Amino acid sequence: DNCQKPMICWLKGVTAATTQKDCRCYSTNAPKPVPVNVMAQVEKYISHILSHQDPESGWLGPPMSGGGMYWGPSNMLFALISYAEGHRADKDTFHKASQAVLLHLLEQKRRMPSSPLQEWAKWRWMD
């Protein structure tokens, strides 16, 4: 706990030796964490995603082509599904999120005959 004298630090060397070295002291001078409003971040990002959905096709995310285009949006789709489930009481929010997922998946279905799954995405079909 004494930050006034050097502390023994682990050196990442070939010999894996320890030596006296001035190290950062976190016992009394620890930086205070900045409070984060996680739900405000969620609302911000979900709002951005929903407001940038392609109005003609329903595709979520940047324009893409090729059989690998389906894997990228999958995490975002899972997030939107979870978001919709968490907002079932708010029918408008639930509808917006679930409709966005539906429209994206319908666009994916439309694209798949001409751009089937390729490479790595083909082996991750279960996701």
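Hydrogens, waters and symmetry mates play no part in the numbers below; they use all other heavy atoms, side chains included. Counting from 1, the numbers follow the sequence of the chain as shown. Bear in mind the structure is a predicted one, so any value in this text is a computation, not a measurement.
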- [ ] Work out which heavy atom in Gln53 is nearest to a heavy atom in His104; give both atom names and the distance.
- [x] NE2-N, 4.0 Å
Task: Minimum-distance pair of heavy atoms, taken over all atoms of Met69 and Trp59 - done: O-CZ2, 3.7 Å
Task: Which residues share a side chain to side chain donor-acceptor pair (under 3.5 Å) with Glu107, sequence neighbours left out - done: Arg110, Arg111
- [ ] Determine whether Tyr83 and Thr93 make a side-chain contact, defined as any pair of heavy atoms from C-beta on separated by less than 4.5 Å.
- [x] yes
- [ ] Please write out which residues are connected to Leu106 in a hydrophobic cluster, directly or through intermediates, given that two of Ile, Leu, Val, Met, Phe, Trp, Tyr count as joined at side-chain heavy-atom separations below 4.5 angstrom.
- [x] Leu102
Task: Side-chain hydrophobic cluster, 4.5 Å single linkage: members besides Phe94 - done: none
Open item on the list: Are the side chains of Leu50 and Leu80 in contact, using a 4.5 Å heavy-atom criterion?
Closed with: yes
- [ ] For residues Leu103 and Asp54, determine if any side-chain heavy atom of one lies less than 4.5 Å from a side-chain heavy atom of the other.
- [x] no
- [ ] Could you tell me which residues satisfy ring-ring contact (aromatic ring centres under 6.0 Å, His included) with His95, sequence neighbours excluded, listed by chain and number?
- [x] none
Open item on the list: Could you check whether any side-chain N or O of Ser74 sits under 3.5 Å from a backbone N or O of Trp71, counting only pairs where one atom can act as donor and the other as acceptor?
Closed with: yes
- [ ] Decide if atom CD of Glu56 counts as having more than 12 heavy atoms of other residues, nucleotides or ligands within a radius under 6.0 Å.
- [x] no
Open item on the list: Tell me every residue that passes side chain to side chain donor-acceptor pair (under 3.5 Å) with Ser98, counting only those two or more places apart in sequence or in another chain.
Closed with: none
Open item on the list: Under the salt bridge (Lys or Arg N to Asp or Glu O under 4.0 Å) definition, can you give me all pairs with a residue in residues 94-103, not counting sequence neighbours?
Closed with: Asp92-Lys96
